[in-house]
Asks: 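Can you read through this structure? Questions will come right after.
Remember, it's 1-based here, ligands and their atoms both numbered in the order they're listed.
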Amino acid sequence: MDLGVNIDHIATLRNARGGIEPCILDAAFVAQDAGAKQITAHLREDRRHMKDEDVFLLKEKLNIPLNLEMAATEEMEKIALKLVPASCCIVPEKRLEITTEGGLDVVKFQDKIKKLTESLHEKNIKVSLFIDADMKQIEASKRCYADYIELHTGFFSNAYLKNDFEFELEKLKNAAKYAQSLGIKVNAGHGLNYENVKYMHEIEGLIELNIGHSIISRAIFTGLHKAVKDMIDLI
Ligand code: PXP
């Protein structure tokens, strides 16, 4: 299982002062050096953390793949087609949410997502759909030609805090198995940390975990290199 590091919060911190530090690119290089297999950046409609120039710089300078998280909008599609990241993870986006709250409703927006997937595929960009562990969403993802799904682990992570997570973990396991049986590769992410990440091994065949908040938070105390390395060791 590989680690993709989401560095949005480096941009959140930089934007708090509107200046240039901490440098996004330096953070990405440190994560890359520490063994991250991918850098993930979410370009939100409101540009609350990553800016357009950040993702273009990351794409140009990194040796590891860039995974662009984005909403299924025409604006983001245009940017992705120009940027050509290795992959795009399509997420739902609500202006007032603190972070991505639920999975993408692929069933409801199937036509739109299928068109977007086809358009990204023309540029050889892999497409991942960030969804809840729901069989109907998995089937719709298959109909949209998704290369990957990223299973939303937020419900599991919240349940873990209450020490009552078996049900959510079981849902993730079953969802992963079902997606794989349809030929879809499976990643996971959201809310994972240095404690709950150990349970991801119980989900068979996961390819990659995308983790941001807990790594950047730990980096305050240990430095980013060690925070990334420690997570890789746990994984
Ligand atoms: N995967 C997706 C699709 C996300 O939207 C996020 C949060 O931006 C993450 C993974 C990482 O979540 P966290 O910051 O809670 O580790």
Asks: Between E150 and ligand 1, which residue portion shows a heavy-atom distance shorter than 4.0 Å: side chain, backbone, both, or neither?
Replies: side chain

Asks: Looking at K126, I want to see if its NZ is surrounded by more than 12 non-hydrogen atoms of other residues, nucleotides or ligands under 6.0 Å.
Replies: no

Asks: With the side chain counted from C-beta on, respond yes when S119 and L81 share a heavy-atom pair under 4.5 Å apart, and no when they do not.
Replies: yes

Asks: Is K82 positioned over the aromatic face of F56, cation under 6.0 angstrom from the ring centre and no more than 45 degrees off axis?
Replies: yes

Asks: Once you measure the plane-to-plane angle for H9 and H49, does it fall in the parallel (<30°), tilted (30-60°) or perpendicular (>60°) bin?
Replies: perpendicular

Asks: Check the surroundings of atom CD in E53: do more than 12 heavy atoms from other residues, nucleotides or ligands lie under 6.0 Å from it?
Replies: yes

Asks: For ligand 1, find out whether one of its N or O atoms is nearer than 3.5 Å to an N or O atom of F130.
Replies: no

Asks: Backbone, side chain, both or neither: what part of H9 comes under 4.0 angstrom of ligand 1, heavy atoms only?
Replies: neither

Asks: Does atom NZ of K198 have more than 12 heavy-atom neighbours, drawn from other residues, nucleotides or ligands, at distances under 6.0 Å?
Replies: yes

Asks: Could an N or O of ligand 1 be found under 3.5 Å from any N or O of G212, whether backbone or side chain?
Replies: yes

Asks: Does H42, backbone or side chain, put an N or O under 3.5 Å from an N or O of ligand 1?
Replies: no

Asks: Give the numbers and elements of all ligand 1 atoms closer than 4.0 Å to a heavy atom of G191.
Replies: 12 (O), 13 (P), 15 (O), 16 (O)

Asks: In terms of atom number and element, which parts of ligand 1 are under 4.0 angstrom from non-hydrogen atoms of V91?
Replies: 3 (C)

Asks: Under the side chain to side chain donor-acceptor pair (under 3.5 Å) definition, can you give me all pairs with a residue in residues 224-235, not counting sequence neighbours?
Replies: K226-D230, K229-D233

Asks: Need the ligand 1 atom indices (1-based, order shown) with element for anything under 4.0 Å from a heavy-atom of I211.
Replies: 16 (O)

Asks: Considering only distance and modelled atom types, tabulate donor-acceptor pairs under 3.5 Å from the side chains of residues 128-137, sequence neighbours left out.
Replies:
residue : atom : partner : partner atom : Å
D132    : OD1  : G103    : N            : 3.0
D134    : OD1  : K136    : N            : 2.8
D134    : OD1  : Q137    : N            : 3.3
Q137    : OE1  : V106    : N            : 2.7
Q137    : OE1  : V107    : N            : 3.2
Q137    : NE2  : D105    : OD1          : 3.1

Asks: Is N210 in polar range of ligand 1, meaning some N or O pair under 3.5 Å apart?
Replies: no

Asks: Looking at ligand 1, is there an atom of it that comes within less than 4.0 Å of some heavy atom belonging to S214?
Replies: no

Asks: Need the ligand 1 atom indices (1-based, order shown) with element for anything under 4.0 Å from a heavy-atom of H213.
Replies: 13 (P), 14 (O), 16 (O)

